[in-house]
Protein chains: 2
Amino acid sequence: MDRYKTGIRTFPAGSDLYYQGETSDEMYTLLDGWVFRYQILEDGRRQILEFTLPGAFLGFQPNRQAPMTHSAQCITDVAACVFPSRNVFELFRANPELALRMAWITSRDWTLAQEHLTNIGRRTARERVAHLLLELFYRVRLCDPSPRGDSIELPLTQEHIGDALGLTSVHVNRTLRRLREANLVAVEGHTLRILDPDTLADIAGFDSEAVLQRPLSTEPRPLHG
Amino acid sequence: MDRYKTGIRTFPAGSDLYYQGETSDEMYTLLDGWVFRYQILEDGRRQILEFTLPGAFLGFQPNRQAPMTHSAQCITDVAACVFPSRNVFELFRANPELALRMAWITSRDWTLAQEHLTNIGRRTARERVAHLLLELFYRVRLCDPSPRGDSIELPLTQEHIGDALGLTSVHVNRTLRRLREANLVAVEGHTLRILDPDTLADIAGFDSEAVLQRPLSTEPRPLHG
DNA sequence: CGCGATTTTGATCAATGTCAAAGGTGGTGG
DNA sequence: CCACCACCTTTGACATTGATCAAAATCGCG
């Protein structure tokens, strides 16, 4: 895989890796920083589909000539490994193991999207927020297992959270306050502390197995890095 | 692929192909009938993730030992081609083209899930219903191009629609009535007629390209059939 | 014909959105 | 080092959407 990369590039916070509606001839392995995928409606309403962490693979679309179905924006400054998407399928044909990993990665993304669908479609604001915070907490932990403790760095605004959960940022604010008042979480600045993970998981109906989906040793690993 | 199938089986309407929380050692190519994938919360709330039509591939999960993250239920009587999932990865390794197709299929499912996320998260009830009806209309048409015309058979209850859209069936009913009163659609029994596709697409913010995603000839085809 | 499931409608209620304005915060340039 | 500015958070008052509860009408089917 390394042979095909065009190099490592950095992107400033707020910039987009690619845009919905345009074709993209690059793919990315996120090395450092946070990115989110999102869709925009004509009138500006925004749905955040997923927050992606280092290790994520971005920009793959099975149909290369088709315009991207979503955009991807950097939340923080980002470092990413860039690949041309020109010859993905040839590459996959030449390296079956890569195709397998791609299937694995896409499938995991899809499972996460399903959790998000259920979260948005069938849970209350309180449950949704609790669920997202737990998801991000455990995903960040998984991504960087070193800092044991009850807090992570969370570079999101309340608007990000709202757009991911189908809520307004105002309502996210009120919901977070109530969770704070119940001594379940503490969100100060860009730090999230999970004070009562069990109660929170109970509220959220959070199943860490379903959300985290680690690869098994006998099965494919991530594409890169 | 055919060499690996254990055979064609039929399932009655209302039965489940597999259940969330259990492991499954079978995969299915849907040959005839409608199926939906769904998740259930502890208290019974249900989220329908996707309605699947003939040609769909069901039951693949990258991590075979893990319990299924969702269930799959037959809406109508169903005929499906059944495969053991025991040795998917060996199979994929032996047939790289299959892995590629799997990546393609999963990626398409994921794209559809993204549309659903935006639909549920950021659209009003009226927009959601319009969007779903158009999606199903065009997908059914794509699946069976023979019956040109403005109507399709739609074997869903209003509760199915509600559970797919994060609404109650009561509200779906009222919303459908308003769409009918505006002469946009006609839903009688199990037949859906799209009377004014353009206005409807306008309301729904519906982009048929994004939802339908046909394979290109140079790129992978569906797994089977 | 009769029964269970589904659709339809009404009345009322709760959750969340909208609008508006007042604090905070961090970063940047003078 | 300070002042300013853009952006973010927080809070209040009020509006609206969609949920809930309940009951009647209708449909499909044995």
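Every chain is numbered from 1, with letters handed out A, B, ... down the list of sequences. What you see is a predicted model, and the numbers here were worked out from it, not measured in a lab.
Here A:Gln158 reaches the OP1 or OP2 of D:dT10: one of its side-chain N or O atoms lies under 4.0 Å away.
Checking each of B:Val187, B:Val129, B:Leu195 against B:Leu179 for a side chain to side chain contact (heavy atoms under 4.5 Å, CB included) leaves exactly one that passes, namely B:Val129.
Between the side chain of A:Arg174 and the base of C:dT18, a donor-acceptor pair under 3.5 Å is found.
We find that NE2 of B:His171 is positioned 16 Å from C1' of D:dC21, with the value rounded to whole Å. One can place CZ of B:Arg177 at 9 Å from P of C:dT8, the figure rounded to the nearest angstrom. Across the protein-nucleic acid pair, A:Asn173 atom CG and D:dA13 atom C1' stand 16 Å apart, rounded to whole Å. Residue B:Ile75 contributes atom CD1, which lies 16 Å from atom C1' of C:dA5 at whole-angstrom precision. Straight-line distance from the CG atom of B:Leu179 to the C1' atom of C:dT7: 16 Å, rounded to whole Å. As a whole-Å value, the separation of B:Ile120 CD1 from D:dA19 P is 12 Å. B:Glu159 places its CD atom 11 Å from the C1' atom of C:dT7, with the value rounded to the nearest Å. The distance from atom CD of B:Glu181 to atom C1' of C:dT8 is 12 Å, rounded to the nearest whole Å.
Among the heavy atoms of the strands lying under 4.0 Å from A:Gly166 are primed sugar atoms or P, OP1, OP2 only; no base atom is included. Note on B:Ser169: nothing from the nucleic acid sits closer than 4.0 angstrom, heavy atoms only.
Side-chain contact, B:His70 with B:Tyr19: no donor N or O sits under 3.5 Å from an acceptor N or O. Under the 3.5 Å distance criterion, with hydrogens and angles disregarded, a donor-acceptor pair is assigned to the side chains of B:His160 and B:Thr157.
Comparing C:dT18, D:dC21, C:dT16 by their nearest atom to the side chain of A:Leu167 picks out C:dT16. Taking the side chain of B:Val170 as heavy atoms from C-beta on, and the options C:dT16, D:dC21, D:dT9, the nearest nucleotide is D:dC21. For A:Thr124, counting side-chain heavy atoms from C-beta on, the closest listed nucleotide (D:dT10, C:dT16, C:dT7) is C:dT16. For B:Thr168, whose side chain is taken as the heavy atoms from C-beta onward, the closest listed nucleotide among D:dC8, D:dT20, C:dT16 is D:dT20.
In summary, B:Asp109 and B:Arg37 engage in a salt bridge, as defined by a charged side-chain N under 4.0 Å from a carboxylate O.
The two atoms that bring B:Ile48 and B:Tyr38 nearest to each other are CA-CB, 4.0 Å, heavy atoms only.
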